[in-house]
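Here the structure comes first, spelled out in structure tokens, and everything after it is commentary.
Just so you know, ligand 1 is whichever comes first in the structure, and atom 1 is the first atom listed for that ligand. All figures in this text were calculated on a predicted structure; none of them were measured in a lab.
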Amino acid sequence: MNRRTPAATPLALLLALALALLGAGCTGGVEGTPGAAGLRDPYFPGLGNGGYDVTHYSLKLDIGSSADDKHGSSTQPPDRPADRLRGTATITARATQDLSAFHLDLAGLDVEGATVEGRPAAVNRAGKELIIRPGSAVEDRLRKGRTFTTVVRYSGSPQTITDPDGSKEGWLRTADGAVALGEPTGSMAWFPGNHHPSDKATYDIEVTVPDPLTAVSNGELISRRTEDGRTTYHWRTAEPMASYLATLAVGRFSTRQSATPDGIRLFTAVDPESEAASEEVLDGIPAVLAWSAEKFGPYPFTSAGAIVERTGDAEYALETQNRPVFPGPPDTALLVHELAHQWFGNSVTPKSWRDMWLNEGFATYAEWLWAADHDGVPVGESFDEAYEDGANWAFPPAEPPSAADISEAPVYGRGAMVVHRIRLAIDDDEAFFDLVRGWTETHRHGNASTDDFTAYVEEETGEDLTELWDDWLYGESRPPVED
Ligand code: TRP
Ligand code: ZN
């Protein structure tokens, strides 16, 4: 729900004001301007959209509905229900400028129509931009500061998107259904939205699937209704979520609900073929959460859990909010990593994709901390191993050379080394963990950048750490370490 506003010079403001007044003179009223098509992310400049801030998404999705087949024209095989969806997205947003039109991000799918404030709106497509032009009757409802509702009706066969680094995201077909993964751009494959991490929102996701499939998403399961062999699952995310962390898994799942001793609600969904091999590690979720809360501060969400696919269904794990997706039975290190992301990434979310090391550096450091506390591997040893690994020195973690590099080794390994160098600089474990817990508390459910982080650390420690940042965060080469 945050929005960065570009700094404007007084001259530019004056000019804009003059132009606005001129415009008003011509038309007899204050006119809006179109919202920007992208938020100028340093790695994905077209992602997200300007001029508004989404507060809530309500998605109603129908998976493999037989209604698609009523004219007998569908070529969809009946055993691949997750190949098609029909959706209605109701998007509540606040205008951050007077808007005449605005963009949503959507890849593929057919848009059947849209309304803004209940009135039909004109719809255009240009690549991954969905451009909405509201009717003139509701123009005044899109004045700066006002909240307006957009409804988009769409359908089709959702796309699998290939990342700049070649990995697959978006809508991935699995052996018995599909799973939606959204880092960094994949969520636009299954719903229209402001798909940049800086615009967090709450969600209601209602998904109807044919029996015997289950639909699992983020947040809490509010209701489940079965009618005519189709079941609707209503999932609610009442805590802010970046759209790349939204997920939907459709398939046959063994599900379990319980709660931790601290009252965190747990929901796990496991592909039956992965069940036996997952059980022991998943039983450890309450212990991992309790241990993490000691290190990082209170768990930021109401619920937690996991979605475990069948081996081969996905290529990598993702820290989808509340309920990470695992591509097969996870080991404890991977579980620790994805649960650490609930603090680092999901609650404290990067302002832009340049800040990815704040996610992966801390999640990797969590693995090192776990290994120290449970496997007798001192953190210094994990550090040394990462230091010796040439892959970690390909580039500085805070400045990946391109969009294809944001999930590469330096972002993880060297990111974790940055965290450890801060701990060494502080040289007081209590103060170090106070600093970490203070960080997650300060930016809880918000967004933060690398600059926010370095400024925070310097302010809290009262130390000038320029050299540490220059060497470990931004330096091109491997800094020497004292023995
Ligand atoms: N961020 C994920 C994790 O660390 C991994 C991940 C997501 C990833 N997308 C990717 C790794 C693309 C490589 C390529 O848990
Ligand atoms: Zn990670």
| request: For ligand 1, would you mind listing the residues that have at least one heavy atom less than 4.0 Å away, ordered by chain and number? | output: Asp163, Asp165, Ser167, Glu183, Tyr316, Ala317, Leu318, Glu319, His337, Glu338, His341, Glu360, Ser407, Tyr412
| Going by heavy atoms in the side chains, are Leu104 and Asn194 under 4.5 Å from each other? | no
Counting only pairs under 3.5 Å, give me each side-chain donor-acceptor contact of residues 288-296, with atom names and distances, residues two or more places apart or in other chains.
from, atom 1, to, atom 2, distance (Å)
Trp291, NE1, Asp373, OD2, 2.9
Ser292, OG, Val288, O, 2.6
Lys295, NZ, Asp373, OD2, 2.9

| said: Is there a salt bridge (charged side-chain N to carboxylate O under 4.0 Å, His left out) between Asp163 and Lys168? Walk through the geometry before answering. | reply: CA-CA 6 Å; Asp163 278 351; Lys168 304 287 186 201; over 6 Å; no
| message | Is the shortest side-chain heavy-atom distance between Tyr244 and Thr320 below 4.5 Å? | response | no
| query | Would Glu360 count as a contact for the Zn ion (ligand 2), in the sense that one of its N, O or S atoms lies under 2.8 Å from it? | reply | yes
| remark: Sorted by chain and number, sequence neighbours left out, side chain to side chain contact (heavy atoms under 4.5 Å, CB included) with Pro479 holds for Trp393, Asp471, Trp472
| query | Do any pairs count as a side chain to side chain donor-acceptor pair (under 3.5 Å) and have a residue in residues 374-389, sequence neighbours left out, and if so which ones? | reply | none
| query | So, for Tyr365 and His337, is the gap between ring centers shorter than 6.0 Å? | reply | no
| remark: The N/O/S atom of His337 lying closest to the Zn ion (ligand 2) is NE2
